[in-house]
Each structure stands twice: as C-alpha cells, then as structure tokens.
Amino acid sequence: MAEVAAHPGRLGKNLKDSEAQRRLLRYGRDITLGDVTRLESFLKARTARLAQAERGTDERQMARAVRTTLHHLVVTLQHSLSFSDGGNEAQPMARLQVHVSWNALWALVSSWQWHEEYDQERWRSVKYWDEGQREEFENRLAGEFSKSRRRDASESDGQ
C-alpha cells in the first residue's frame, strides 16, 4: 500500500491507504464532535484579527456575523449528533439537521481549503447519510431514467 504524505492538519505520514480511506469523510454518519470542534477552532483563529478591529467597522461586524453563524451551526451539530443514531423518533430530523448544518459549516470554512491547517480529508460537504442512502438514491435515479426512456420511446412510436 502507498503511504500518504504528511501535511499539517492532515493525515499523518505513517498512515496507509486503508487507514486514509477510513478517515476520509464520505457520509453524514462519519461526522464527529471532534470534527465540529476542530473546525470551530480553525474558523475562530481565522477571524480573530477581524474580531479585534475597531468597533463599528465592517471588519468587526463581519467577524461577528461569521462567529454568530459558527456558534449556531456548532450548537445545532452538537445537539443533533447526539440524536442521529439509536433508532429514536427524532433520528430522521436529527440526521437532516446534521447534514444541513455540516454543509453550511463547510460552506463557511471552504474558502480556506488551501490553508495549511485545513483538513482536506475531513472538512468536506456530504451528500448522503450513509452508503445505504446513496444506493437508494442511485437506484431511484436509475429507475426514473428508465421510466423516462420508456416514455420517450413510446411517444416516438405513437407519432
């Protein structure tokens, strides 16, 4: 197996490809409180200088806006992650909140994706909660595509 290159804030030098695959964030179910905390710290560090700007300036207001949004998303994720598994009634809504909040948090931080401390493997948008949801979506999409092709074929036969 090939080794993964070292980079600050990223995979360690000694990790093999299989370990990197397990670490790569692919689905919503893979998001952890650790991911949320690390992303929060990263974004607070990026906005620290602006937060210290003179009162009333656009810079300070921008930092306040980013940090307020950050706080809201972090609290939502902390709460929702605790209900996203376990088969309780709140599970579908909690998973949706994790999905939406994580992707909003990622959108907020993604402009720093080339920063040396940005974690390329973990700080990514997610489309699906898990492999099962991805397969279900792909099967449904394939079914709709097949229906559309059959409908188009029957319409052209009738003309």
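Predicted, not measured: the structure shown is a model, and the values here were computed from it. By convention here, the first residue in the shown sequence is residue 1.
Side-chain N or O atoms of His99 include one that pairs as donor or acceptor with a backbone N or O of Val126 at under 3.5 Å. Asn139 contributes a side-chain N or O that, together with a main-chain N or O of Glu135, makes up a donor-acceptor pair within less than 3.5 Å. Although no hydrogens or angles enter the test, the distance criterion places no donor-acceptor pair under 3.5 Å between the side chain of Thr68 and the main chain of Ala65. In this structure, Thr37 contributes its side chain and Gly34 its backbone to no donor-acceptor pair below 3.5 Å. A donor-acceptor pair is defined here as one N or O able to donate and one able to accept, closer than 3.5 Å; no such pair exists between the side chain of Gln91 and the backbone of Phe83. Using modelled atom types, one side-chain atom of Arg122 and one backbone atom of Arg23 make a donor-acceptor pair closer than 3.5 Å.
Partner of Leu105 under the side-chain contact (heavy atoms from CB on, under 4.5 Å) criterion, chosen from Val100, Thr76, Leu70: Leu70. For the pairing with Ser101, the side-chain contact (heavy atoms from CB on, under 4.5 Å) check across Val36, Ile31, Leu77, Val74 returns one residue only, Leu77.
Under the 30°/60° scheme for interplanar angles, the aromatic rings of Tyr128 and Phe137 are found to be tilted.
A continuous path of hydrophobic side-chain contacts links Met62 to Leu43 [ILVMFWY only; heavy atoms under 4.5 Å]. Both Leu25 and Leu33 are assigned to one and the same hydrophobic cluster, defined by single-linkage of ILVMFWY side chains at heavy-atom distances under 4.5 Å. Placement of Leu141 and Tyr27 within a single hydrophobic cluster is found when ILVMFWY residues are connected by side-chain heavy-atom separations under 4.5 Å, directly or transitively.
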Audit row: Asp35, Leu39, side-chain contact (heavy atoms from CB on, under 4.5 Å) steps and yes/no: CA-CA 6 Å; Asp35 292 322; Leu39 221 160; over 6 Å; no
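Counting heavy atoms from C-beta outward, Asp130 and Arg26 have side chains that stay 4.5 Å or more apart. Side chains of Arg60 and Glu54 form no contact here, defined as non-hydrogen atoms less than 4.5 Å apart. Two residues are said to be in side-chain contact when any heavy atoms from C-beta on lie closer than 4.5 Å; Tyr118 and Val109 meet this criterion. Residues Val98 and Met93 are not in side-chain contact: their nearest non-hydrogen atoms beyond the backbone lie 4.5 Å or more apart. Looking only at side-chain heavy atoms (C-beta outward), Arg67 and His71 stay at 4.5 Å or farther from each other. For the pair Arg38 and Trp123, the minimum side-chain heavy-atom distance is below 4.5 Å.
Salt bridge absent: Arg124 and Asp30 never bring a charged side-chain N and a carboxylate O closer than 4.0 Å.
The CD atom of Glu59 sits 14.5 Å away from the CZ atom of Arg64 when rounded to the nearest 0.5 Å. Distance check, rounded to the nearest 0.5 Å: CH2 of Trp102 to CG of Leu81 gives 9.0 Å.
Cation-pi contact between Arg46 and Phe42: present, with separation from the ring centre below 6.0 Å and deviation from the ring axis of at most 45°.
Nearest heavy-atom pair, Ala51 versus Ala63, reported as atom, atom and distance to 0.1 Å: N-CB, 3.5 Å.
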